[in-house]
Amino acid sequence: MDLILLGAPGAGKGTQGAILAERLGIPKIATGDILRDAVRRDTELGRRAKAFMDAGELVPDEIILGLIREVLASPEAADGAILDGFPRTTAQAEAVGELLNRLGRRIDAVIVIEVPGDTIVRRMSGRRTCSNCGRVYNVYTEPPETEGVCDVCGGELMQRSDDQEETVRHRLQVYQSTTQPLVRFYETGGVPIRRIPGDRPIAEVQESILRELDH
Ligand code: AMP
């Protein structure tokens, strides 16, 4: 099964995608995670992407398309994947379609997690991520037991550099103008769209997703 998770930054794609991946037994692939890792390791990819990410802009397609080709061809994704944070542009959507087509696959459904803009800004300014295992917390709604420390692995919790309020607002605009239109793109292409209200507790959102996927 190949699924796309769409939704504004901070809608909960990463959180829901991780739970869903475990339940369905297919990996979640997030271009944002791959890019952040590349920035941390200061690779060629990271050096090319960093300024765009810090500014809340999309990394240009000429960089992302190669990355998408690589991840979809990896053995990890051989039996399907949950795509988190890509495609984000029409060119990326076309590339994903072609690549899957070549593998005899197609997008089975697009899950759109819908959350109002003001909720997003609050959520993201409270977001903290474990620098070691990647688990996500929120200082307002889902704090760790000990401030600044991951419950799971004891790693240090960090705030993403692009989670500052101004950058978040810009990322929301970019989502609305460039990525949201992909819902129509897939609808027109006959791909099932599953709209999930995301302004609810994590477990409830997850149940809705599973129900919509008939699981
Ligand atoms: P995310 O973790 O998905 O919110 O991504 C963080 C940042 O990485 C975005 O604001 C973009 O700068 C960049 N990024 C991640 N995925 C993509 C993509 N598919 N296309 C372009 N830029 C991306």
Side-chain angles (χ1 to χ4, degrees), residues 1-40 45 49 52-53 56 58-59 61 63-74 76-93 95-97 99-100 105-115 120 123-124 127-130 133-138 142 160 162-163 168 171-172 174-176 178-180 182-183 185-186 191-196 198 202 205-206 208-210 212-213 215:
M1 180 143 63
D2 289 284
L3 299 172
I4 292 176
L5 280 175
L6 273 186
K13 300 185 297 295
T15 303
Q16 295 299 335
I19 306 170
L20 194 60
E22 206 152 285
R23 294 245 182 124
L24 300 180
I26 49 177
K28 172 179 85 97
I29 300 174
T31 42
D33 289 346
I34 296 171
L35 291 169
R36 275 185 293 280
D37 185 56
V39 169
R40 219 170 6 246
L45 174 66
F52 297 103
M53 295 171 74
L58 291 186
V59 176
D61 281 339
I63 299 173
I64 295 290
L65 291 180
L67 177 63
I68 289 179
R69 262 178 233 121
E70 219 173 280
V71 294
L72 286 183
S74 70
E76 192 201 353
D79 297 324
I82 298 169
L83 312 188
D84 165 10
F86 78 103
R88 257 176 158 99
T89 64
T90 308
Q92 292 181 22
V96 167
L99 289 162
L100 289 182
R105 286 152 50 184
R106 63 187 157 72
I107 296 297
D108 294 289
V110 175
I111 300 162
V112 189
I113 306 181
E114 298 181 315
V115 176
I120 296 269
R123 267 193 192 182
M124 292 174 82
R127 178 156 78 175
R128 301 291 182 274
T129 310
C130 175
C133 74
R135 159 112 202 238
V136 179
Y137 296 84
N138 189 292
E142 214 207 334
R160 278 171 49 170
D162 58 353
D163 276 349
V168 169
R171 290 166 64 199
L172 270 176
V174 171
Y175 176 75
Q176 275 149 11
T178 310
T179 305
Q180 196 151 272
L182 292 184
V183 177
F185 173 93
Y186 283 110
V191 178
I193 309 290
R194 309 291 184 221
R195 292 175 191 276
I196 311 289
I202 291 170
V205 176
Q206 181 67 206
S208 298
I209 295 175
L210 288 170
E212 286 285 333
L213 293 175
H215 262 266

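Computed from a predicted structure; not experimentally measured. Start at 1 with the first residue, then count along the sequence.
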* Min side-chain heavy-atom separation L5-I113 under 4.5 Å -> yes
Mind listing the side-chain donor-acceptor pairs of residues 78-88 below 3.5 Å, one per line with the distance, residues two or more places apart or on another chain?
residue	atom	partner	partner atom	Å
D84	OD2	K28	NZ	3.0
R88	NH1	G85	O	2.7

Mind listing the side-chain donor-acceptor pairs of residues 63-72 below 3.5 Å, one per line with the distance, residues two or more places apart or on another chain?
none

* Structure fact -> Between the CE atom in M1 and the CD1 atom in I26, the distance rounded to the nearest 0.5 Å is 5.0 Å
* Sequence neighbours excluded, which residues qualify as salt bridge (charged side-chain N to carboxylate O under 4.0 Å, His left out) partners of R106? -> D108
* For V39, which residues count as a side chain to side chain contact (heavy atoms under 4.5 Å, CB included) partner, sequence neighbours excluded? -> K50, M53
* To do: Please round to the nearest 0.5 Å and tell me the distance separating atom OG1 of T129 and atom CZ of R160.
  => 6.5 Å
* Structure fact -> Here the pair of heavy atoms bringing G10 nearest to I120 is C-CD1, 3.9 Å
* Roughly how far, to the nearest 0.5 Å, is OG1 of T179 from CG of L6? -> 7.5 Å
* Asked: Mind checking whether L213 and L20 have side chains closer than 4.5 Å, heavy atoms only?
  -> yes
* Nearest atoms (heavy-atom pairs only) where V112 meets Y175 -> CG1-OH, 4.5 Å
* **Distance-minimising heavy-atom pair for I193 and Y186** => CD1-CB, 3.8 Å
* **Atom of A21, atom of P27 and distance for their closest heavy-atom approach** => CB-C, 4.3 Å
* Flag side-chain contact, heavy atom, 4.5 Å: T15 against V205 -> no
* Asked: What residues form a side-chain hydrogen bond (donor to acceptor under 3.5 Å, both in side chains) with E114, not counting sequence neighbours?
  -> R195
* List in chain and number order the residues that pass salt bridge (charged side-chain N to carboxylate O under 4.0 Å, His left out) with R171, two or more places apart in sequence or in another chain; answer none if no residue qualifies. => D162, D163
* Excluding sequence neighbours, so at least two apart, what forms side chain to side chain contact (heavy atoms under 4.5 Å, CB included) with Q176? -> Q180
* Only counting residues at least two apart or in another chain, list the ones meeting side-chain hydrogen bond (donor to acceptor under 3.5 Å, both in side chains) with S208. => R200
* To do: Show your reasoning for whether side chain to side chain contact (heavy atoms under 4.5 Å, CB included) applies to T31 and V59.
  => CA-CA 10 Å; T31 42; V59 176; over 6 Å; no
* Structure fact -> What one should report as the nearest heavy-atom pair of L35 and A49 is CD2-CB, 3.9 Å
* Asked: What residues form a side chain to side chain contact (heavy atoms under 4.5 Å, CB included) with F185, not counting sequence neighbours?
  -> T90, A93, E94, L182
* To do: Apply salt bridge (charged side-chain N to carboxylate O under 4.0 Å, His left out) to D61 and list each qualifying residue two or more places apart in sequence or on a separate chain.
  => none
* Structure fact -> Closest non-hydrogen contact found for A8 with L172 is CB-CD2, 3.6 Å
* Pairing residues for R105 by the salt bridge (charged side-chain N to carboxylate O under 4.0 Å, His left out) criterion, not counting sequence neighbours -> D2
* Do L24 and L3 have side chains that get closer than 4.5 Å, going by heavy atoms? -> yes
* Sequence neighbours excluded - salt bridge (Lys or Arg N to Asp or Glu O under 4.0 Å) pairs with any residue from residues 12-22 -> none
